[in-house]
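All values reported here derive from a predicted model rather than from experimental measurement.
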Amino acid sequence: MTPHSEHKVTLDIHFPNRPQQSVPLTGFPFLIGHAGESSNHLQLDGQNISRRCAAIVAAHGGHRIEDRGNHAGIYVNGKKISNKILHDGDTISFGPDAESSITFRSSTGDSAVADMLTRMGSIQPSAGSRSGGGLSKLNLLLEATTLLHSALPLDTVLNSMLDHAIAITRADRGLLLEADSSGLLTPRLTRNSNGEPLSPDSIHPAQQLLEQAVQQKTAVVAGEPQLAAADEKLAHKAGQEHPHSFIATPLYSLPAEDAPDAETPQHGELLGIIYLDSKHPDAFSELVRHIIEALGVEAANILDNARHMERERERRLLEHEMGLARAIQQALLPRGFRDYPHLSVTGHNHPCIDVGGDYFDAFPISEDQTAVLIADVSGHGLGAALLTTMLQGALSGMTLGEDPLRVFHQINQFLCEHSEVHHYATMFFSLLSCDGTLNYIKAAHPSPILLRGGKATELYTDGSFPVGLLPDADFSIETIQLEPGDTLVMFSDGVTEAEDTEENQFGVPRLCELLAGNDNTPIEELKKLVLDGVDTFCRGAAQLDDITVLVARYRASA
């Protein structure tokens, strides 16, 4: 059955200042475009309508609309699309704020059941068949379809579906096999003709039958002589009471809606197989095969929807968890620094995803010293965020009088002993005294930029080791004397490695050039200068690393 030959399909056109008009789809592709293009089947006026605007084409499962180059875009139910399978009641508009719109109307409805009913009228049970009357099967099928689309729990619906499949076909046993993402089939439900569950080990479908159903993508009926020679388990049971007739119908999802029609497969991914068997040799007629095919289409829709709902539930749960992680991480970052007699500080962190691996802080160690630090954990996501939180807790121990070098070596040893963590951290940790003495430990972190006398230069250029990478890494304290007004601009490598649309990096020289001559610029403006400079350079290109800036200015205390 072609999707357009047996069902009425129309377009209801809604105009802002004139009555609605209904237009039947008379051929495919059905072309929509500006009134000045005579080749269009539907000609519309309006600024949002291009000469060749859209086309509706026949597709598996119904009809598909394609954007054929409309300058304002094609929207279905308010969402911009390039192509999409249409369903009854879908609203099509040309541009996000188009005055006129089109409603797609189709009488396809439950196409699988309707198609099956048409075929039932032309197929009669064979002589001697156990299939029973078509009317009783029709009643059972309609009842099964109603159950499949009910709001009952999924397992209850699937059990009912399998019971009805057994009742419709008068099979002895039924099995629902479910396919995982790799296509591996595993038993999900087993039932007998009394509606009782069976052990999955009690039913052994012939592999040849299952493979044939999957390959042909349709219901396959077979008898024992056809399968016994190829199936050792059937041959082994010869002479015992065992099935003589078998039927298997594959369950496929609908093809992806966003694939081009010419490349769209007739079926989507394999969801599972309904398998039935009977002790009677001629149990499954051609009529039964068509009925099971129709029921299989409905069951596949239910399974497919259930999978989509489960994936959506998992996605929302992950978004919720990531939102909580982001809220916790942002709460742990300092919100507004206190004003120190000899120091003013400001900072900003922008993770490239919900949670990141950058961390900065400033806190008093004693009445004379203040710790200022910035760290960058390798990687992104929850793993990096967890390690960042651990580092924050470990470094806070310095407020209790712990020696900074000892803390660094302890953190390094701990991370190296737990190599399965697969993360390490770069860090710049400094202690600024009231007299301007700056003691610092560098752990492979980019050098801060020192602003002094109108110049912007790196504080150091030699390398060092990150924390948590090498067990024997040695860290040392270095010292520099700051002058009143000196400013340190600390940053993560997400700043200097930010890329524009042509994959050019922002780089340290460009950062120094941007900062030079800004010794007296207020630190809040200085921080904004860096962030805006990176944003302007990138020109909207997506960034792959967190961007963090920390600015500290030394001033002589009274």
Side-chain angles (χ1 to χ4, degrees), residues 1-109 111 253-268 308 312 500-503 535-536 538-543:
M1 180 186 71
T2 59
H4 56 277
S5 61
E6 299 182 14
H7 303 292
K8 183 180 178 182
V9 182
T10 59
L11 300 178
D12 292 344
I13 308 170
H14 308 277
F15 300 100
N17 299 315
R18 49 180 167 147
Q20 174 182 309
Q21 178 183 352
S22 293
V23 177
L25 269 67
T26 55
F28 298 93
F30 187 86
L31 303 178
I32 304 172
H34 197 273
E37 184 63 45
S38 59
S39 62
N40 292 322
H41 298 87
L42 177 59
Q43 301 179 21
L44 301 172
D45 293 319
Q47 299 181 14
N48 290 343
I49 309 296
S50 300
R51 290 180 59 195
R52 291 179 177 84
C53 182
I56 296 177
V57 300
H60 175 74
H63 301 81
R64 178 190 299 274
I65 185 169
E66 299 176 347
D67 187 346
R68 291 291 177 94
N70 193 47
H71 66 274
I74 303 296
Y75 290 75
V76 176
N77 301 326
K79 182 178 179 181
K80 189 175 183 181
I81 57 95
S82 58
N83 56 81
K84 187 182 188 304
I85 291 290
L86 291 172
H87 303 284
D88 183 50
D90 280 351
T91 299
I92 305 165
S93 57
F94 307 96
D97 53 356
E99 294 182 352
S100 59
S101 63
I102 295 175
T103 301
F104 179 79
R105 296 296 183 191
S106 171
S107 62
T108 53
S111 58
S253 65
L254 290 175
E257 291 188 349
D258 56 355
D261 186 65
E263 302 177 5
T264 300
Q266 294 300 304
H267 300 83
H308 284 302
E312 178 65 14
D500 62 10
T501 54
E502 298 177 357
E503 298 185 356
D535 188 58
T536 301
C538 294
R539 292 179 291 180
Q543 298 308 303

>> Checking S101 against H14 for the side chain to side chain donor-acceptor pair (under 3.5 Å) test, could you report, in this order, the C-alpha distance in whole Å, the side-chain angles of both residues, the deciding distance, and whether it holds?
In response: CA-CA 5 Å; S101 63; H14 308 277; 4.9 Å; no
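- Across all non-hydrogen atoms, the minimal contact from A54 to F94 is CB-CE2, 4.4 Å.
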> Under the side-chain contact (heavy atoms from CB on, under 4.5 Å) criterion, do F28 and V9 qualify, and how do the steps go?
Replying inline: CA-CA 12 Å; F28 298 93; V9 182; 5.5 Å; no
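- Across every non-hydrogen atom of D12 and S22, the tightest pair is OD1-OG, 2.7 Å.
- Counting heavy atoms from C-beta on, the side chains of N48 and C53 never come closer than 4.5 Å.
- When side chains are defined from C-beta on, R68 counts as touching L31, because their heavy atoms get closer than 4.5 Å.
- Around CZ of R51, the count of heavy atoms belonging to other residues, nucleotides or ligands within 6.0 Å does not exceed 12.
- Taking both residues in full, the closest heavy atoms of P96 and A72 are given as CD-O, 3.9 Å, listed atom of the first, atom of the second, then distance.
- Counting only distance, with no hydrogens or angles, the side chain of N83 and the backbone of I65 share no donor-acceptor pair below 3.5 Å.
- Distance CG/L11 to CD/Q21: 10.0 Å, rounded to 0.5 Å.
- Rounded to the nearest 0.5 Å, atoms CZ (R539) and CG (D500) are 5.0 Å apart.
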> When you look at L42 and I102, which way does the side-chain contact (heavy atoms from CB on, under 4.5 Å) test go after all the steps?
Replying inline: CA-CA 11 Å; L42 177 59; I102 295 175; 3.8 Å; yes
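- F104 places none of its side-chain heavy atoms less than 4.5 Å from the side chain of V76.
- How far CD1 of I49 is from CD of Q43: 12.0 Å, rounded to the nearest 0.5 Å.
- One distance of note links CD1 of I56 with CG of L86; it measures 5.5 Å at 0.5 Å rounding.
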>> Using the rule given for side-chain contact (heavy atoms from CB on, under 4.5 Å), can you reason through Y75 versus I92, listing the C-alpha separation, both sets of side-chain angles and the distance that settles it, and then say yes or no?
In response: CA-CA 6 Å; Y75 290 75; I92 305 165; over 6 Å; no
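- For the residue pair S50 and N70, a side-chain donor N or O sits within less than 3.5 Å of a side-chain acceptor on the partner.
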>> Test side-chain contact (heavy atoms from CB on, under 4.5 Å) on D90 and K84; report intermediate values, then the result.
In response: CA-CA 11 Å; D90 280 351; K84 187 182 188 304; 4.2 Å; yes
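- To the nearest 0.5 Å, atoms CD1 (I85) and NE2 (H63) are separated by 9.5 Å.
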